[in-house]
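Only a predicted model underlies this, so the values are computations on that prediction, with no experimental measurement involved.
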Amino acid sequence: MFFLMRCTHRPDADAARDALRPSHRDWNRSGGGGLVSVLTGSALWAEDGTALGHWGILEAASLQDARAYIDGDPFVTGGVVAEIELTRMADGFAADRINPRMTV
C-alpha cells in the first residue's frame with residue numbers, strides 16, 4: 001500500500017529541527033528500520049522561506065506500519081511535528097516512476 005504523509009511543524013521548532021535533521025534523514029534512508037520504503041519526500045516552505053513541515057510518499061504493508069514509521073521519526077519524537085496527515089493512495093499508484101527511492 002502507498003500513503004501520502006504530510007507533517008506540519010511547530011512554528012517554534014527551528015532549532016530542534018536543525019539538530020534532529022541528520023537523524024531524521026537516517027530514519028528516512030532506513031525506512032524506519034525497515035517498517036516502510038520511502039519513495040520520495042521533501043521539506044515544505046512558505047513563500048517567505050519559513051519552514052512549514054515535510055511530506056513523503058511511503059510504501060508499507062499496512063496502515064499500522066506506516067503509522068509506526070511516522071511515530072518513530074526523530075522529528076515526531078523530538079517534538080518538531082505538530083500535526084500529521086496520512087492518506088492512503090490508489091492501489092494503482094505507479095511507484096516505478098519514482099527512481100531511485102529515498103530508502104536504501
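With a 4.5 Å cut-off on side-chain heavy atoms, Val81 and Arg10 do not count as touching. Using a 4.5 Å heavy-atom cutoff, the side chains of Val36 and Val38 are in contact. You'll find the side chain of Val76 stays beyond 4.5 Å of the side chain of Trp27, heavy atoms only. Under the 4.5 Å side-chain criterion, counting only non-hydrogen atoms from C-beta, Met1 is not in contact with Leu63.
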Determine, step by step, whether Tyr69 and Leu58 satisfy the side-chain contact (heavy atoms from CB on, under 4.5 Å) criterion, reporting the C-alpha distance in whole Å, the side-chain angles of both residues, the deciding distance to 0.1 Å, and the verdict.
-> CA-CA 9 Å; Tyr69 163 79; Leu58 314 175; 3.7 Å; yes
Does the side-chain contact (heavy atoms from CB on, under 4.5 Å) test come out yes or no for Phe2 and Asp91, once each step is laid out?
-> CA-CA 7 Å; Phe2 297 96; Asp91 290 338; over 6 Å; no
Just do the side-chain contact (heavy atoms from CB on, under 4.5 Å) check on Thr8 and Leu52 with the steps written out, would you?
-> CA-CA 6 Å; Thr8 304; Leu52 297 175; 5.9 Å; no
Given Phe75 and Arg17, is the side-chain contact (heavy atoms from CB on, under 4.5 Å) satisfied, shown in steps?
-> CA-CA 7 Å; Phe75 279 178; Arg17 182 178 42 253; 3.5 Å; yes
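In this structure, Met89 is a member of the same hydrophobic cluster as Ile98, with clusters built from ILVMFWY side-chain heavy atoms closer than 4.5 Å. The hydrophobic clustering, which links ILVMFWY residues whose side-chain heavy atoms are closer than 4.5 Å, places Met102 and Leu44 apart.
Among all heavy-atom pairs drawn from Ile84 and Cys7, the shortest one is CG1-SG, 4.1 Å. Minimum interatomic distance between Met5 and Ile70 (heavy atoms only, all atoms of both residues): SD-CG1, 3.5 Å. Of all the heavy atoms in Ala61 and Asp65, the pair that sits closest is CB-OD2, 3.7 Å.
Residue Leu35 holds its CG atom at 11.5 Å from CG of Asp73, rounded to the nearest 0.5 Å. For the atom pair Leu20 CG and Thr77 OG1, the distance stands at 7.0 Å (nearest 0.5 Å). The CZ atom of Arg67 lies 10.0 Å from the CZ atom of Phe3; values are rounded to the nearest 0.5 Å. Of the inter-residue distances, the one linking Asn28 atom CG with Ser23 atom OG reads 10.0 Å to the nearest 0.5 angstrom. Atoms OG1 and CD1, on Thr87 and Ile57 in that order, are 11.5 Å from each other to the nearest 0.5 Å.
Counting heavy-atom neighbours within 6.0 Å of Arg25 CZ, excluding the residue itself, gives a total of 12 or less.
Screening residues 48-61 for side chain to side chain donor-acceptor pair (under 3.5 Å) gives His9-His54, Asp48-Thr50, Glu59-Arg101 as the qualifying pairs, with residues at least two apart or on separate chains.
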